[in-house]
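A short write-up of the structure that comes next.
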Amino acid sequence: MSEIPAYQPKAIESKWQKIWAETHAFEAEASHEKPKFYGLIEFPYPSGHGLHVGHPRSNTAMDIIARKRRMQGYNVLFPIGWDAFGLPTENYAIKNHVHPAKVTKENIDHFRSQLQMLGFSFDYSREVDTTDPGYFRWTQWIFLKMFEHGLVFRDKTLVNYCPSCKVVLSNEDSQGGKCDICHNDVVQLPKDVWYLRITAYADRLLEGLKDVDYPENIAQQQVNWIGKSTGAFVRFPFEGLDEEIEIYTTRPDTLFGVTFMVMAPEHPLIDKYADRIRNMDAIRAYRDECAKKTEFERTQLAKEKTGLKLEGLSAVNPITGKTVPIYLSDYVMMGYGTGAIMAVPAHDQRDWEFATKFGIDIVEVIQGGDITKEAYTGDGVMVNSDFLNGYTNKKDSIARMLEEIEKRGIGRPGVQYKMKDWAFNRQRYWGEPIPLIHCPKCGVVAVPYEELPLRLPDVDDFEPGTDGKSPLARIESFVNCKCPKCGGDAKRETDTMPQWAGSSWYFLRYCDPHNDQVYADRGELDYWMPVDWYNGGMEHVTRHLLYSRFWHQFLYDIGEVGCPEPYAKRTAQGLILGTDGEKMSKSRGNVVNPEEVVDEIGADAFRCYEMFMGAFDQAIPWSTNGAKGCKKFLDRVWRLQEKVGEGDSYSPALNAAVHEAVKKVSEDIERMKFNTAIAAMMSLVNEMMAQPAITRAEMETLLKILSPVAPHICEEMWQNLGHTEPIHHQPWPVWDEAALQKSEVEIAVQINGKVRGRIHIPADLTRESAEKELPENPEVQRLTNGKQIMKVIFVPGRLLNIVVK
RNA sequence: GCGGAUGUGGUGGAAUGGCAGACACCGGGGACUUAAAAUCCCCUGACUUCACCGUCGUGCGGGUUCGAGUCCCGCCAUCCGCACCA
């Protein structure tokens, strides 16, 4: 035992980070002999602000798992890269008159150094950057494959448009009517837009969830977002016209209760028959009114139904032959179903409200509620419904009605999804150019594969055009080209891909990042894929996680990858909040900078606190004092060096405690219970500190199980013990169940379920003999105090409960 | 409205139906020190008590059980996501 200098995290950490870099310590092995482990975190968007303490939570967790896997003998792929296209960089570039490529490079360098400061065991040799032409060449390649297979199409519809960012947004990017980038209100505009047909994969995206290990809330959120419903399309003829209007309903069995129909204000059939409609002026006024409403007004304030009747146009109920009036109302959306509904006010609350306001008949077809007060949506006996009368079961009545609908040829069963096709083009500069060409003769033609990558032209004006076009549209040399098919003059598509394009397949590129022949060698893909464990944020569940599953499923379908789902297991971390319990943001001024924390307590203590502060999947406020507590813990670990003796056994109890800690830490890391794993190590260290001496083996085992959490200090102490091989090459310790066994245990004695005392008993006492012998124990005798014993319950190692009268 | 989660000391949080509050933070007391920092030791859910003992205690109300923070039924509150989705 000798004098040990104080723990100096700064020196130790930079020393080991340098050694790891020089020895390429964490690069995946090229050989495919070992079992593999592919651990993934969402690659960061390198913003100008750098990291705050929330970002490393995911990285630290997966780093711990990756380090443990290496020690368990796996060939580990734990890569890092940069999701670097996107609007914040472009906006920064515009404001400061620098090229986004330059900003991106600076930001990446800053991010990389921040990550290295924290000692993550990334394989930096496999870094990818989505803005690198060598990367986005393959983003464009996959896009063209989709184009080839009919998954890319152009359509003029109402789209989400952010007037502030001047871009069209997907549904996923405009959730809640707010722009995902600037959080301003999104408006609905009719526009020509490129779509990816993600709805063709809606069922696959649902089905695939059954074969992967996702937490319930993530799977459920995807299910809700996809929003599958089954029902029927039914056609109602217009009275006196050779034209039908189709509706979608989930309750075709209520067809006899239809008393009116409602069309979305923008429904195209209205314009088609404008000359027959007598109140077109009023209709146009109503449309204008609806278009002006914000999302908030439409959903929150519009409890009161608005609308008006179509004069001069009505429909016929195809099952009853009765005339049905048609109304216009904005509670019916053009973007879902067919943009028109059959209204059954007795059994749909929205229809009920509308009917009540406009004095329309309400006809009951399902008994069980009071339809004068509100719509009845429960089950009941069907009435007023001809051949359906007497049905009591929803499933049966729907099946019967579907049969009838098909027999009469007035409709068909059908499925609807809330999820919409993915609006894929952005009218901005800093993204992958869409490799399509508009030829006046041939139409839309793909850029030939051999011409990829289609590079971004170098310009110095990135301002989005006022005409709703991308800045690329102003560059003649880029726009004008020859049609690859006919050789005639043609023009390039000038929009770029959305932020989510590059991230939809990056996990595949990591498998073989430097390949310039294919996006990744098939042998590498077959070895590494699928990702074994993917951790990330909840905010990506209905965007990146859905999009990338879609791209991967497509690649699987065309035989490019060998597994149908990209991620075998997905987990998500909770947010780290500011010390005030609010979400960290620059505007709130509660951002904690990791550099300052590391400067004060070191990266190891920082990592330790990130994992110790609370349950991994819960949101937790940052505590500066809590972080310091972890520094104190590592100080104690460091001082343990003074206690390492030459003997090979000092305390059997401590030896058992070491085995217990190995077991607890091994199991807790797998369950992402990092907080209790660290608590177990703290307890062990406290116990060790209380000993006069500990053995070298005990010290070494502690260092091994602590090393994934606090790698630098453990490498240093490992080296101080005289080792020349690094600790991350050591095998993960195993615990000995036998060593956990104690000869004697203390159990609680309960009387009628309340703890009254404690006794020491032999650990191997069987239930049978315990229940017979223990009531004789003097302490138990004292507690039962001569009362009549009704029942004795013995839980080995836990307690004895005596029921007395 | 629909879906998901959460509710435990002053704080963050532990707890396969089996000793509630592990492990920390904060706070209090003591040791060491000229002093401070660091470190070490002790106390720290509430009420009662000098102390032991005892009583109460996991959002609220019921229930199941020898035994409930945990399971069941009914509420309340907070957070997140979606939302006039036919």
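Worth saying up front: this structure is predicted, and the values here are computed from it rather than measured. Here is the naming used below: chain letters follow the sequence lines, and residue numbers restart at 1 for every chain.
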### Query
Side chain of A:Arg636: nearest nucleotide among B:C40, B:U6, B:G12?
B:C40

### Query
Rounded to whole angstrom units, what separation is found between the NE2 atom of A:His347 and the P atom of B:A86?
17 Å

### Task
With heavy atoms under 4.0 Å as the rule, sort A:Lys628 into base, sugar-phosphate or nothing.
nothing

### Query
Which of the following nucleotides, B:C23, B:G3, B:C82, is nearest to the side chain of A:Trp225?
B:C82

### Query
Taking the six-membered ring of A:Phe354, is the NZ or CZ of A:Lys305 close enough (under 6.0 Å from the centre) and on axis enough (within 45°)?
no

### Message
Of the options B:G81, B:U39, B:A24, whose atoms approach the side-chain atoms of A:Arg639 most closely?
### Response
B:U39

## Note on the structure
Atom CZ of A:Phe616 and atom C1' of B:U6 are separated, to the nearest Å, by 18 Å

### Query
Hey, does A:Asn675 reach any base, or is it just sugar-phosphate, or nothing, if we go heavy atoms under 4.0 Å?
sugar-phosphate

### Task
Rounded off to whole Å, could you give me the CE-to-P distance for the A:Met682 and B:A14 pair?
14 Å

### Task
May I ask you to say what A:Glu746 touches in the nucleic acid, namely base, sugar-phosphate or nothing, with a heavy-atom cut-off under 4.0 Å?
base

### Task
Check whether the side chains of A:Asp617 and A:Gln573 place a donor and an acceptor atom closer than 3.5 Å, and report yes or no.
no

### Query
Under 4.0 Å between a side-chain N/O of A:Arg756 and OP1 or OP2 of B:U55, yes or no?
yes

### Task
Spell out, as yes or no, whether a donor-acceptor pair under 3.5 Å connects the side chain of A:Trp352 to the backbone of A:Ile371.
yes

### Task
Tell me the partner of B:A24, counting only Watson-Crick (N1-N3 plus N6-O4 or O6-N4) or G-U wobble (N1-O2 and O6-N3) with both under 3.5 Å; none if nothing fits.
B:U11

### Query
Just to confirm, is there a sub-4.0 Å distance from OP1 or OP2 of B:C26 to any side-chain nitrogen or oxygen of A:Asn625?
yes

### Message
Need one value for A:Val223: base, sugar-phosphate or nothing, where a base atom within 4.0 Å counts as base even if backbone is also close, heavy atoms only.
### Response
nothing

### Task
Give A:Val795 one of three labels, base, sugar-phosphate or nothing, depending on what nucleic acid heavy atoms sit under 4.0 Å from its own.
base

### Query
Which nucleotide, B:A24, B:G81, B:C66, lies nearest any side-chain atom of A:Asn801?
B:C66

### Task
Classify the nucleic acid contact of A:Ala619 as base, sugar-phosphate or nothing, counting any heavy atom under 4.0 Å across all strands shown.
sugar-phosphate

### Message
We want to know whether A:Tyr547 and A:Glu172 form a side-chain donor-acceptor pair, criterion being a heavy-atom distance below 3.5 angstrom.
### Response
yes

#### Entry: Short N-O contact, A:Lys631 and A:Asp604, less than 4.0 angstrom
no

### Task
Looking at every strand, decide which applies to A:Gly227 at a 4.0 Å heavy-atom threshold: base, sugar-phosphate, or nothing.
nothing

